[in-house]
Amino acid sequence: MQESIGTLVVAGVGLIGGSFALGLKRAGRVGHVIGVGRSPENLRRALELGVVDEVAHDIAAVAGRADLVLLATPVGQMEALMQALSTTLAPHAIVTDAGSTKGDVVALMRAHLAPHLARCVPAHPIAGSDLSGATAAQYGLYENRKVVLTPLAETDSDACNTVGALWQACGARIERLAPLEHDAIFAAVSHLPHLLAFAYVDMIARKPNAARCFDFAATGFRDFTRIAGSHPEMWRDIALANREALLDELATYRATLEQLEAAVSTGDSARLTETFDTARAARVAWNQRFMRQG
């Protein structure tokens, strides 16, 4: 489907929003990109790097010109953005997002964009990184990456197909999930790992001999903790937005840790071996599938 748009408004010109704009530009699917954000310096860099063609600090001032609005900010900023959009959107404009949680985004759309729900398409590109800001934007970020669409019951098929086609133009593969199913899955495979990494590095950093510990940290520490370098505000908002599903996963993980603690305490080598073998086999199988898809 050769979908293209005239004007794209991106709120949050960083890795996700900026890379979407670059991907559409390279594919010739967008005529003009307006970047919206809070940081004058970041917007200046986005303009210099050609990520956007125009910048603004007030989304309400430019939303009326948009054919598509992408909200690529931390989820905690989206309510104010939707409130600002609500009075200025053109009837044909599509509103989508790139948030890592979907139940909260759907609720916000229902609260603030009720007359516009047919043109609302919640989405989640699975292409995170510990990089942020306009300088992190890159061509090809979405090549062979999944983008999950979670349309509302009211979303019209034309709007959903347009958003899907634009992500495909960036190289992405489209999946569809219900918002609650999405949040439950990503609590397990994305949100929980980030909390664990943040908690673990925080624990080490608070030790009296933290500097000495970091002196000897090597590849295992690097691999386990890479995502603890991610944007703190964004992950704070994700944790709070998806708290119910995340609390369920934390409880399950805590129970698993208690079982491992008991095995270590009692010297139960068979239990440790069984757990490690099962985990290793699952990780190897997942990696093989991931490499084939990529």
Side-chain angles (χ1 to χ4, degrees), residues 15-16 72-79 97-109 122-130 132 145-151 175-206 220-265 268 271-290 293:
L15 173 76
I16 299 300
T73 63
V75 292
Q77 297 177 25
M78 288 189 187
E79 182 168 23
D97 78 300
S100 295
T101 54
K102 297 273 71 81
D104 59 321
V105 171
V106 168
L108 289 172
M109 287 176 169
H124 176 200
I126 308 170
S129 169
D130 54 348
S132 60
R145 300 294 188 94
K146 291 180 180 179
V147 173
V148 181
L149 305 184
T150 64
E175 302 278 353
R176 295 195 186 195
L177 292 173
L180 291 180
E181 182 184 13
H182 169 281
D183 288 356
I185 289 172
F186 282 90
V189 300
S190 176
H191 307 165
L192 177 64
H194 277 82
L195 255 67
L196 300 182
F198 282 125
Y200 171 67
V201 177
D202 180 69
M203 180 191 77
I204 299 297
R206 294 176 186 275
F221 180 89
R222 179 200 64 195
D223 294 344
F224 182 74
T225 64
R226 178 188 61 81
I227 53 178
S230 300
H231 197 295
E233 180 184 4
M234 180 181 76
W235 282 100
R236 175 203 66 199
D237 291 348
I238 289 170
L240 295 176
N242 202 23
R243 71 182 71 190
E244 291 186 10
L246 187 51
L247 286 170
D248 287 343
E249 295 301 326
L250 281 167
T252 301
Y253 189 78
R254 186 179 298 110
T256 302
L257 281 181
E258 289 173 353
Q259 292 168 3
L260 284 176
E261 182 181 18
V264 171
S265 177
D268 189 345
R271 179 58 188 270
L272 291 173
T273 300
E274 178 189 6
T275 300
F276 296 167
D277 281 345
T278 300
R280 180 183 183 279
R283 176 61 168 77
V284 168
W286 169 84
N287 192 58
Q288 290 172 343
R289 292 196 306 273
F290 184 81
Q293 292 172 357

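Counting from 1, the numbers follow the sequence of the chain as shown.
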Requested in this report: Determine yes or no for a side-chain-to-main-chain donor-acceptor pair under 3.5 angstrom, with T225 supplying the side chain and F221 the backbone.
Outcome: yes
Requested in this report: Ignoring hydrogens and angles, tell me if any N or O in the side chain of K102 forms a donor-acceptor pair with the backbone of A123 under 3.5 Å.
Outcome: yes
**Report entry** Residue pair V75 / S100, side-chain heavy-atom distance below 4.5 Å
**Finding:** no
Query raised in the report: Do K146 and H124 touch side chain to side chain, with heavy atoms closer than 4.5 Å?
Result: no
Report task. Determine yes or no for a side-chain-to-main-chain donor-acceptor pair under 3.5 angstrom, with D183 supplying the side chain and N242 the backbone. Result -> no
**Report entry** Value rounded to 0.5 Å, distance of CD in E79 from OG1 in T73
**Finding:** 11.5 Å
**Report entry** R283 CZ to T278 OG1 distance, which is reported to the nearest 0.5 Å
**Finding:** 15.5 Å
Report task. Of all the heavy-atom pairs spanning A187 and P193, show the shortest one and how long it is. Result -> O-CD, 4.5 Å
**Report entry** Partner residues of L195 under the side chain to side chain contact (heavy atoms under 4.5 Å, CB included) criterion, sequence neighbours left out
**Finding:** A239, L246, L250
**Report entry** Non-hydrogen atoms of S190 and W235 that approach each other most closely
**Finding:** OG-CH2, 3.6 Å
Requested in this report: Measure the spacing between NE2 of H194 and NE2 of H231 and express it to the nearest 0.5 Å.
Outcome: 12.5 Å
**Report entry** Shortest non-hydrogen contact between A184 and A245, atoms and distance
**Finding:** CA-CB, 4.2 Å
Report task. Please tell me if the side chains of V148 and R176 come closer than 4.5 Å, counting only heavy atoms from C-beta onward. Result -> no
**Report entry** Rounded distance (nearest 0.5 Å) linking atom CE of M203 with atom CG of L196
**Finding:** 11.5 Å
Query raised in the report: Got I16 and P125 here, is their nearest side-chain heavy-atom distance under 4.5 Å?
Result: yes
Query raised in the report: S230 side chain to I227 main-chain N or O, any donor-acceptor pair under 3.5 Å?
Result: yes
Query raised in the report: Are any of the side-chain heavy atoms of E175 and L149 separated by less than 4.5 Å?
Result: no
Query raised in the report: Given I126 and R145, is the side chain to side chain contact (heavy atoms under 4.5 Å, CB included) satisfied, shown in steps?
Result: CA-CA 6 Å; I126 308 170; R145 300 294 188 94; 5.8 Å; no
Report task. To the nearest 0.5 angstrom, please state how far the CG atom of D268 sits from the CD atom of Q259. Result -> 11.0 Å
Requested in this report: Take the angle between the ring planes of H191 and F186 and call it parallel below 30°, perpendicular above 60°, tilted in between.
Outcome: tilted
Query raised in the report: Which atom pair, heavy atoms only, marks the closest approach of T101 to V105?
Result: O-CG2, 3.4 Å
Query - Under 3.5 Å: donor-acceptor pair, side chain of R243, backbone of L240 - result: yes
Report task. Check whether more than 12 heavy atoms from other residues, nucleotides or ligands sit under 6.0 Å from atom CD of E244, and answer yes or no. Result -> no
Query - Residue list, side chain to side chain donor-acceptor pair (under 3.5 Å) with D223, at least two apart or on another chain - result: none
Report summary line: Sorted by chain and residue number, the side chain to side chain donor-acceptor pair (under 3.5 Å) partners of T150 (sequence neighbours excluded) come out as none
Query - Any side-chain heavy-atom pair of F276 and L272 under 4.5 Å - result: yes
Query raised in the report: Within the distance-only criterion (no hydrogens, no angle test), does the side chain of D237 pair as donor or acceptor with the backbone N or O of G76 below 3.5 angstrom?
Result: yes
